[in-house]
Amino acid sequence: YLLRAGSWRALPPRIYVALVGQLFGTPPSTNIIEVALVATIGGLAAWRSADPWLAALTLITCAAILTIIPFRRHYAERRILAQHPESVRAFEQRFERLSWAISAGMGLMAARALLATDDTLVHLTLIVVALGATTASLRYHFRPRIAFGRAVAINGPLAGGLILTGDLYYVILGLAALAATKLFLAVCVQLYRGSLAVLTTIEEKERLADELQAANADLEHRESERREAEAAVRRLRAELTHVSRLSAMGAMASTLAHELNQPLTAVTNYVRGSRRLLEDPSDATLGQVGEAMAAAEAGALRAGQIIRRMRGLVYRGKAETRPENLEALIREACDLALIDAERLGITHRLDLASEARWAHVDHVQIQQVLINIIRNAVEAMSESPRREIDIATRIADGSFIEIGVADTGPGIAQSEDGALFTPFRSTKSEGLGIGLSISRTIVEAHGGKIWAAAGEEGGAVFRFTLPTAAAPDLA
């Protein structure tokens, strides 16, 4: 099959082109040496035999060998291997025919010398040159068709000439030459298959290297996209947290106005009363004015405290975790979330463990979590006859504090436990479904966890954990 003209089509294009490239690895100096050797031996044989045909065959063979030199230059200048495989094959065919012609010239020179003269020295010299040229054809094993064609072109005429001499010794040598041709083909095929295996391995490694490089580039691209997505998610979470704070503020705006109205009205009344008393001052009225001013100051401070707490809740700053007094934080959150507790008939109890006082948290974010949970409890108890909220803390293990918020509302179904923290899923008709989702994000960012369960006596209990912290050194 390898000797067919179309056998090259069974090879991958890259491997075929690589095999053809091996044909032209011989430097021009080799061809010059071949010309000198053939001209010397052929000329000597023609001179000793005085045969013009042998001289003509020597000249033609030398001219054909010299043709290889510009052929190789054309191969380099035209960059043949960079062209389409069909063009490479056309170039190889021209080289194939030229190589066969040179080999046939050497074979005919040896056969002519055998038949034209009885000079044993001439016979042996040309036979050795012909057999040497046959062996040298193994360097073309990359393309077995060329190598085997050269061997046949040399050994065919040589064996024919040996047999036609009639000399028994030469006849045996001619038959041996024919047998050697078959052996030559077997050796050539083995060398070819070895070369093909090496090139195939190289191509496979190059292909795998290209695939690995492409995979690495794809991984780098995906990693870049992942980092960008994470950054976008972090920005979105920050925005959602801020929106949640503003939403909570909107829900508490009316009750905040009512709560502020009380101390501000009291301040106004005390100031008006003091002004009237100062219209007719006396020692008694001055004492009353002092008491009124102290009461007005207390009312103004209370209103300012409410404003400062609401402002700290709404302010969107960079999250900073540090040791915080959890008891004070919970009380502030209750003051903000339960502004309208008295009007709604809601009572709350705090059961705060002394050993669970300090936690490593972001003050504003954890306050947001507590406000979300407490406001949900307030809304859940809107139609309950008993409206109570219990907030407790305890040490969950050596490194976490557990905070629990229990209410006396309608409670939650067991199937809803996990779904409560799903983004944009709300059990309230006007809810956005982001409060508890943001709360979970905040708690998990602190290294804790949050969950909900039904209360033992009805209602719902929300619990979450936060990392403990050592009490700061106030010295």
Side-chain angles (χ1 to χ4, degrees), residues 23-24 26-75 92-140 143 145-181 184:
L23 297 175
F24 304 99
T26 306
S29 57
T30 302
N31 300 121
I32 295 175
I33 293 173
E34 289 178 347
V35 169
L37 185 61
V38 171
T40 300
I41 297 175
L44 179 62
W47 173 67
R48 291 178 65 89
S49 63
D51 183 11
W53 290 103
L54 183 56
L57 283 172
T58 301
L59 290 174
I60 293 172
T61 303
C62 289
I65 295 174
L66 290 174
T67 308
I68 295 289
I69 296 176
F71 200 81
R72 293 182 187 277
R73 187 179 297 113
H74 175 75
Y75 158 81
E92 183 198 9
Q93 283 182 323
R94 292 195 294 272
F95 179 80
E96 184 180 87
R97 296 189 184 102
L98 180 59
S99 181
W100 289 349
I102 295 172
S103 301
M106 290 183 180
L108 290 172
M109 282 173 58
R112 180 63 186 176
L114 288 169
L115 298 176
T117 178
D118 293 331
D119 192 330
T120 305
L121 179 61
V122 172
H123 294 174
L124 292 177
T125 303
L126 286 174
I127 289 173
V128 170
V129 171
L131 293 178
T134 302
T135 305
S137 297
L138 284 174
R139 73 172 182 265
Y140 297 113
R143 298 300 295 136
R145 179 179 167 85
I146 295 177
F148 188 68
R150 285 174 59 95
V152 172
I154 294 173
N155 288 347
L158 175 61
L162 288 169
I163 293 172
L164 290 175
T165 59
D167 186 282
L168 180 61
Y169 176 75
Y170 281 176
V171 170
I172 294 174
L173 192 60
L175 295 174
L178 293 176
T181 303
F184 176 87

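No experiment lies behind these values; they were computed from the predicted model shown.
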key: Trp53, CH2 atom: more than 12 neighbouring heavy atoms under 6.0 Å   = no
remark   = Smallest heavy-atom separation, Pro157 atom then Ala111 atom, equals O-CB, 3.2 Å
task = Find the distance between CD1 (Ile60) and CE (Met109) and round it off to the nearest 0.5 Å.
result = 10.5 Å
ask   = Given the rule in the side-chain contact (heavy atoms from CB on, under 4.5 Å) test, do Ile102 and Met106 qualify, once you have shown the distances and angles that lead to the verdict?
value = CA-CA 6 Å; Ile102 295 172; Met106 290 183 180; 4.2 Å; yes
note = Heavy-atom nearest pair, Ile163 first then Val171, reads O-CG2, 3.8 Å
